[in-house]
Amino acid sequence: MADITEAPEWAALAGHQTAMAGRHLRDLFAEDPGRADRMTVTAGGLHLDYSKHRVTGETLELLVALAERAGLRERIDAMFSGEHINASEDRAVLHTALRLPPGEALTVDGQDVAADVHAVLDRMAVFAERVREGEWKGFTGEPIRTVVNIGIGGSDLGPAMAYEALRDYADAGISCRFVSNVDPADITGTLAGLDPARTLFVISSKTFGTLETLTNAKVARRWLVERLGDEAAVSRHFVAVSTNAGRVADFGIDTANMFGFWDWVGGRYSFDGAIGLSLMIAIGGERFREMLAGFREIDEHFRTAPFAANMPVLMGLLGVWYTDFFGAQTRAVLPYSQRLARFPAYLQQLTMESNGKSVRADGAPVVAQTGEIFWGEPGTNGQHAFYQLLHQGTRLVPSDFIGFAEPFEDAAADGPGMHDLLAANLFAQTSALAFGKTAEEIAAEGTPAAVVPHKLMPGNRPTSTILARKLTPAVLGQLVALYEHIVFVEGTIWGIDSFDQWGVELGKVMANDLTPALTSAEPPAELPDPSTAALVRRYRELRG
Ligand code: F6P
């Protein structure tokens, strides 16, 4: 496999960047005001404005040529058809099959994948409805009022983010809580005040071998049994989501109450399947299916739209443009929606566990920079925290702004509605970041000369703006699918395997090995390195 950085398209982009580096967005807009209308794409209910990027028509042509050189079209087809593109684990990558519409067939490795997906979704919907209707009763005959999802990584971030995003649609009087950390504060804080008779635990773990999840699940089981006074209560209060029926049974959960998925769904790509069970209980099967239809719309757009008008392709290529040609290290994701407060954290796993790689799929070291660092907070909170650096810092931080035209519910004090205040802030920020304010403009306001440099707003800071009418289940599905495919585009250009995560394994093994050193009566003889040995000694002293 040739390295993409050796391709003529890469060299062409490097040369073009030299020309673009000195060009300001002010000039690009002055020369071509029509870019505001032209540099937009609509897919499903999402409208993307990418005119405030440091690109021209030529840049886009060069980026699309790079995508073609990297074989993006063939890779997309390979993913959707179930080829084993997760090379290091020899697995298909088929999260797109989780949202296949009923009636559409897909057979992979001799297995009717579409039928499997719908069988699980149907079982989930039946179970969710029974819980929502109060037909599924706890051990003492009470209906369920709280669902506690215990999982970590993809078995937590997806459902937790989506529940928060769609909580206005939770219409059955059932709320969800999420426990992930092995820090005891997480589970004890979550269980505090809960009525065990009305609580259902969903133990979510693809492998059912994750230390944090199993430990929290055991603590929850003990809490329940102590309070309800009978081991038999477990079967009415614990269900599992996993690919590993054997381990679920070993834990003591009846596999009749297990919802499965498959090794071709990566953990961070899984909440639109069984890992979304807690969400489905909260919002109902119908809303969940609306969300899947949203995912599907973007899948279809990604699969069929020409690259130059393809939202995930354009956004992925812009990520490559800034990462590899402008040396940007991070990308901020700034949702102007409190409901999307967990979206940046969710994206951190999706993007960084996928593309934080330094070898290519064939094992050769990468030459290009990979893996943007994703971070962010909802607007307007971020404006009063880190936007100073975005506006005037020395670093280039391309940012994705996400906003909605309609709130679920508006409020007002004595002025305009709060939602319009929120939206005005989004538009103001992207404009200020792009166009800034010149020294002349600042001086003309009567600013003393010595203060002018401090007030100077350089602008030329690139942003994408994604607008949708309202944060509905379908729109949430579209947003998540958009970022899943952005990850895919970037990973394809970089030639890496975006679907394994070997880098998380060593730390897990070492934590297991180190635990006895913290808990044994005698100080440990052997530890992995002198610094760790000293820290363990200090920890033991402090712990007494
Ligand atoms: O440690 C990383 C990871 O393997 C993630 O990829 C995954 O989402 C998470 O742990 C949880 O894994 P599981 O669902 O198997 O408990």
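When a ligand or atom number is given, it counts from 1 through the structure's own listing order. Index from 1, following the sequence.
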- Note on the structure: In this structure, CD1 of I187 is separated from CG of D183 (nearest 0.5 Å) by 11.5 Å
- Within the 4.0 Å heavy-atom cut-off, what T207 brings close to ligand 1 is both
- Which option out of Q501, E212, K508, R247 puts a heavy atom nearest to atom 10 (O) of ligand 1? K508
- Message: Using a 3.5 Å cut-off on N or O atoms only, is Q349 in polar contact with ligand 1?
- Response: yes
- Message: Below the 3.5 angstrom mark, is there an N/O of R268, backbone or side chain, next to an N/O of ligand 1?
- Response: no
- Has R221 got its NZ or CZ under 6.0 Å from the middle of the six-membered ring of F251, at an angle within 45 degrees of the ring axis? yes
- Query: Going by the angle between their ring planes, with limits at 30° and 60°, are H95 and F499 parallel, tilted or perpendicular?
  - Reply: tilted
- Task: Using the six-membered ring of F259, assess whether NZ or CZ of R123 lies under 6.0 Å from its centre and within 45 degrees of the ring axis.
- Result: yes
- So which heavy atom in the protein is nearest atom 6 (O) of ligand 1, and how far is it from that ligand atom? E353 OE1, 2.8 Å
- Answer yes or no: does an N/O atom from V504 fall short of 3.5 Å to an N/O atom of ligand 1? no
- Kindly confirm or rule out an N or O of E505 lying under 3.5 angstrom from an N or O of ligand 1. no
- Of all heavy-atom pairs between V113 and A97, which one has the smallest distance, and what is that distance? CG1-CB, 3.7 Å
- Message: Does R236 qualify as a cation-pi partner of W136, given the criterion of NZ or CZ under 6.0 Å from the six-membered ring centre and within 45 degrees of its axis?
- Response: yes
- Option of least heavy-atom distance to atom 12 (O) of ligand 1 (set: T210, V241, L211, L214): T210
- Query: For the residue pair F408 and Y169, does the interplanar ring angle fall in the parallel (under 30°), tilted (30 to 60°) or perpendicular (over 60°) class?
  - Reply: perpendicular
- In the protein, what heavy atom is nearest to atom 9 (C) of ligand 1, and what distance, to one decimal place, separates them? I152 O, 3.6 Å
- Nearest heavy atom to atom 8 (O) of ligand 1: which of G154, G267, G151 does it belong to? G154
